[in-house]
Amino acid sequence: MLTSLPVPIEFRLPEGWLPAAPADEADVPGVAFAAVHPHPDAGFTANITIDGGFLADTETLAGLADASVERLGQVAQSVTVAQRRELGSEDAPALTQRVTFSAVAGGARRDLVQSQVYLSMSDVEDPHKRAAIRLALTATAAQHDAVLEDFQDFVRSVRPDTGAET
């Protein structure tokens with residue numbers, strides 16, 4: 001089931017990537033948007049997902065990233081944080097992490113990599129409320145590096161949607 005984001009955003013999909021069909025999105029609970037790469041690798045389709053929520057006063061992006069790894073560990077094996085880096089400023093913090101894991105997808109066990117980007121944004125209507133948006137790329141270990149640049153371009157395109165025409 002699709003969910004909505006706590007703050008509106010706009011973004012541009014990388015060339016060739018396609019919005020996922022509603023049936024595909026149903027397989028990923030809690031996502032607000034999903035897109036798929038046009039060329040699967042060994043039966044697994046690389047995908048980009050977007051989800052998010054409001055942050056409690058004591059919540060941090062690192063805490064959200066830890067919780068994401070914990071949730072992944074409940075459905076996958078050999079979950080490892082291969083890289084984590086905090087970015088941005090105090091006013092606009094961000095965090096990236098790369099997680100490797102093994103999971104059954106499409107009836108076969110696969111080695112997968114998930115690159116996650118966490119962005120903190122203020123609510124347009126109430127600047128005292130903070131929201132976190134998670135952008136994630138999931139791909140096979142073999143295909144990840146080939147689609148990573150597309151994901152990086154996608155992340156750079158994400159902006160708050162102020163409703164103004166550009």
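Everything numeric in this text was worked out from a predicted model, so none of it was measured. All values below were derived from every heavy atom in this structure, side-chain atoms included, with hydrogens, water molecules and symmetry-related copies excluded.
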Is there a side-chain contact between P19 and L13, using heavy atoms and a 4.5 Å cut-off?
-> yes

Quick one: do L148 and R98 satisfy side chain to side chain contact (heavy atoms under 4.5 Å, CB included)? Show the steps, please.
-> CA-CA 11 Å; L148 183 59; R98 182 177 297 187; 3.2 Å; yes

Checking Q97 side chain against A65 main chain: does a donor-acceptor pair fall under 3.5 Å?
-> yes

Would you say the side chain of V147 lies within less than 4.5 Å of the side chain of W17, judging by non-hydrogen atoms?
-> yes

Check R130 against A56 and note the closest heavy-atom contact, atom names and distance.
-> NH2-O, 3.7 Å

Return the minimal non-hydrogen interatomic distance between S4 and A32, and the atom names on each side.
-> C-CB, 4.4 Å

Could you note down all residue pairs passing salt bridge (Lys or Arg N to Asp or Glu O under 4.0 Å) where residues 32-49 supplies at least one of them, sequence neighbours left out?
-> none

What's the verdict on side-chain hydrogen bond (donor to acceptor under 3.5 Å, both in side chains) for S102 and R109, showing C-alpha distance, side-chain angles and the deciding distance?
-> CA-CA 7 Å; S102 174; R109 180 153 302 281; 3.3 Å; yes

In the single-linkage hydrophobic clustering (I, L, V, M, F, W, Y; side-chain heavy atoms under 4.5 Å), do L95 and V155 co-cluster?
-> no

Hey, are the side chains of F151 and V117 touching, using non-hydrogen atoms and a 4.5 Å cut-off?
-> yes

Do F33 and T49 come close enough that some side-chain heavy atom pair is under 4.5 Å?
-> no

Starting at CD of Q77, measure out to CG of D111 and round the result to the nearest 0.5 Å.
-> 10.5 Å

Residue pairs involving residues 56-68 (criterion salt bridge (Lys or Arg N to Asp or Glu O under 4.0 Å); sequence neighbours excluded) | D66-R84

How about I133 and L5: do any of their side-chain heavy atoms sit closer than 4.5 Å?
-> yes

Any S68 side-chain heavy atom under 4.5 Å of R134 side chain = yes

Flag the pair L119 / V158 as yes when at least one side-chain heavy-atom distance between them is below 4.5 Å, and no otherwise.
-> yes

Hey, quick one: are L137 and Y118 part of the same hydrophobic cluster, counting side-chain heavy atoms closer than 4.5 Å, chains of contacts allowed?
-> no

More than 12 heavy atoms of other groups within 6.0 Å of R85 CZ | no

May I ask you to list the residues sharing a hydrophobic cluster with L72, side-chain cutoff 4.5 Å, ordered by chain and number?
-> F44, V69, V75, V79, V81, V99, F101, L112

Same cluster or not: are I48 and V113 linked, directly or through other Ile, Leu, Val, Met, Phe, Trp or Tyr residues, by side-chain heavy atoms under 4.5 angstrom apart?
-> no

Where is the tightest heavy-atom contact between A103 and A76, given as atom of each residue plus distance?
-> CB-CB, 4.1 Å

Are a donor atom and an acceptor atom from the side chains of T45 and H37 found within less than 3.5 Å of each other?
-> no

If you measure from CD on E10 to OG on S157, what distance do you get to the nearest 0.5 Å?
-> 8.5 Å

Without swapping roles, check the side chain of R110 against the backbone of G107 for a donor-acceptor pair under 3.5 Å.
-> no

Any chance the side chains of Q116 and T96 put a donor and an acceptor closer than 3.5 Å?
-> no

Before giving the answer on side chain to side chain contact (heavy atoms under 4.5 Å, CB included), spell out for L61 and S120 the whole-Å C-alpha distance, their side-chain angles and the decisive distance to 0.1 Å.
-> CA-CA 8 Å; L61 296 181; S120 179; 4.2 Å; yes

